[in-house]
Amino acid sequence: MNTKTLFDAPGPRARRRHTLIEVLCIALLALGLYGAYEILEAHGEFSPAAWKPFTQPGLWILLGQGLLNNLRAAAVGMALSLIFGALLAVGLLSRKAPVRIACRIFTDVFASVPLLLLLYFTSLVLPTYGLKLSDFWFLVIALTLFSSAVVGDLLRSGIRAIPYGQTEAAEALGFSGAKTMQLVLLPQALRSMSPALVSQMVILFKGTALAYVLGGYIELLRSATVIGTYYSRSLLQAQIVAAVGFMLVNIALGLLATALASRQRRQSASEPAQEKLEASAALSTP
Amino acid sequence: MSFISGYIADFSSGVMITLELTVLGWGGALVLGTILTAMRVSPIRTLNAAAAAYVTVFRNIPLPVQMVLFVFGLPLLGIQYSLFASAAVVLVIYTAPFISETLRSGLNTISTGELEALRALGFGPRPAMQHLILPQAFGTVIQPLGNVLITMIKNTSVAALVGVADLTFATNKAAVDEAQPFLIFGGAAISYLVIGLLVGRLVSTLDRKAAFSR
């Protein structure tokens, strides 16, 4: 997203002033970075001893497996929430009021409850009902409960945006209600909502780090902590490596969402500006 | 219902801590986010690049990771605050980039003609920003900012990860101790739902009030 030029092109005097401020800012930034470097150096965080464990391949394998576990949970959660989200979207658009209201309550409740609370809920309540699942499934179920509510609402608004004439045309061609949904409405809604769905994937991926609290599922944050318990000298280093790993995956997913959004904008250049604002806003929800 | 009475105090202090974290986090994030946006649109390239780097880094590192890094990692460097203060600071650091991006999308909706009219009328950069650009930008993004706020209310629960006794933490504690977790989780879910609905209503009202500027 580019920012509009808000001001006039600077004249000679303003340019000189800008150069001065620029130099000052660089100096200030350098000073800040140097201060941070000093603090890290004073605690020996750059010393070879602190980074020595990272020369072992086994440690990188542990971290890599952690990251893969995060991705696996997010992918399974996303796949499940696409299925349940599609069902919810159908329910939200149902002609029967009780179905509609029940689906509305489900989406409102699970979209507004924190993921960590859902994770505590699945890991504490499900075992009391005899469901002895692994921590992976507790995480996936929590992610799915939350995410299918969000995806359901997204798909509902995607379906609502399709002109009603298409439903009528499908009826005229003899499609049943279910076939209309499956062949005409849902594919279009999925495509028009794909940037928002990728953003939802980012949210899910970030949420998988909460499995840290369960302890039984070795995701990236947990594996960094495990490294910290064995090599107490390298806890900070391991945490920073984990943070960078999360960051890189999220940047890649963010680029994908932006690319999808801009491709759609090119395909439908005639659409009103309001929707563009909404699409870009969807990308910037924490 | 008698077993609940023992947890009422825990619960209400949990709700209070959640609300305090929300207010502190939101206030700080709004300030930091506005500063970041100003840096993004400034003609000084260093500021621009620094703000862009900040947004990219802190938006893409998950909140739990930042929380754990801040609470368990930074004390190794001798940087240590109370748990509550750490949680509030991390919420500010994590939420500010989202506010900045939202505000920036608001700035982009201001029409070029209007900016040209401002210059023709002799508005300098600062008065233009203060009197015309920022109020309009805030006006258009009330609803999206409200969404960021509602998500942040949910995000305050991540503080429970490091042991801040907020609503989620109190719920978990009660549920571990008691044999009726369903009721306890239901109560917590309703609390979050009510807070979210109230804030959502407030945001819609504000949005309608600000609609004149569009």
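The structure displayed is predicted, hence computed values, not measured ones. Proteins get letters first, then strands, A, B, ... in listed order; numbering begins at 1 in each.
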Closest-packed option against chain A by number of heavy-atom pairs under 4.5 Å, given B:Phe58, B:Tyr192, B:Phe185: B:Phe185
Minimum heavy-atom separation for [X] to [Y], with atom names?
{"X": "A:Ala209", "Y": "B:Val65", "result": "CB-CG2, 4.1 Å"}
{"X": "A:Cys25", "Y": "B:Thr46", "result": "CB-CB, 4.1 Å"}
{"X": "B:Ala160", "Y": "A:Tyr120", "result": "O-OH, 4.3 Å"}
{"X": "A:Met247", "Y": "B:Ile61", "result": "CB-CG1, 3.9 Å"}

Euclidean distance, [Y] [atom2] relative to [X] [atom1], rounded to 0.5 Å:
{"X": "B:Ser157", "Y": "A:Leu115", "atom1": "OG", "atom2": "CG", "result": "7.5 Å"}
{"X": "A:Ser112", "Y": "B:Leu197", "atom1": "OG", "atom2": "CG", "result": "6.5 Å"}
{"X": "A:Ile26", "Y": "B:Arg45", "atom1": "CD1", "atom2": "CZ", "result": "8.5 Å"}
{"X": "B:Leu63", "Y": "A:Leu210", "atom1": "CG", "atom2": "CG", "result": "8.0 Å"}

side-chain contact (heavy atoms from CB on, under 4.5 Å) assessment of A:Lys206 paired with B:Tyr94: CA-CA 12 Å; A:Lys206 284 180 182 170; B:Tyr94 177 76; 3.1 Å; yes
With a 4.5 angstrom heavy-atom cut-off, could you sort out which part of [X] is near chain B: side chain, backbone, both or neither?
{"X": "A:Ile251", "value": "both"}
{"X": "A:Ala111", "value": "backbone"}
{"X": "A:Leu29", "value": "side chain"}

Tell me, for [X] versus chain A, whether the close heavy atoms (under 4.5 Å) come from the side chain, the backbone, both or neither.
{"X": "B:Thr168", "value": "both"}
{"X": "B:Met129", "value": "side chain"}
{"X": "B:Phe169", "value": "neither"}
{"X": "B:Ile150", "value": "neither"}

Distance flag, aromatic centroids of A:Phe121 and B:Phe182, threshold under 6.0 Å: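 Ring-ring flag for B:Phe182/A:Phe121: true, centres closer than 6.0 Å.
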Chi angles and distances behind the side-chain contact (heavy atoms from CB on, under 4.5 Å) call for A:His43, B:Leu76: CA-CA 8 Å; A:His43 289 82; B:Leu76 299 174; over 6 Å; no
Expected output: side-chain B:Lys154 to main-chain A:Leu116 donor-acceptor under 3.5 Å: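 No; judged by distance alone, with no hydrogens or angles, the pair does not exist.
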Donor-acceptor contact below 3.5 Å, side chain A:Asn250 vs main chain B:Asn60: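 Side chain of A:Asn250 to backbone of B:Asn60, a donor-acceptor pair under 3.5 Å: yes, one is there.
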Step-by-step side-chain contact (heavy atoms from CB on, under 4.5 Å) determination, A:Tyr212 to B:Leu161: CA-CA 8 Å; A:Tyr212 168 80; B:Leu161 200 68; 4.0 Å; yes
Residues, nucleotides or ligands: over 12 heavy atoms within 6.0 Å of A:Tyr34 OH: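 Atom OH in A:Tyr34 is not packed in, count stays at 12 or less.
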Selection from A:Thr225, A:Val125, A:Thr19, A:Val202 maximising heavy-atom pairs under 4.5 Å formed with chain B: A:Val125
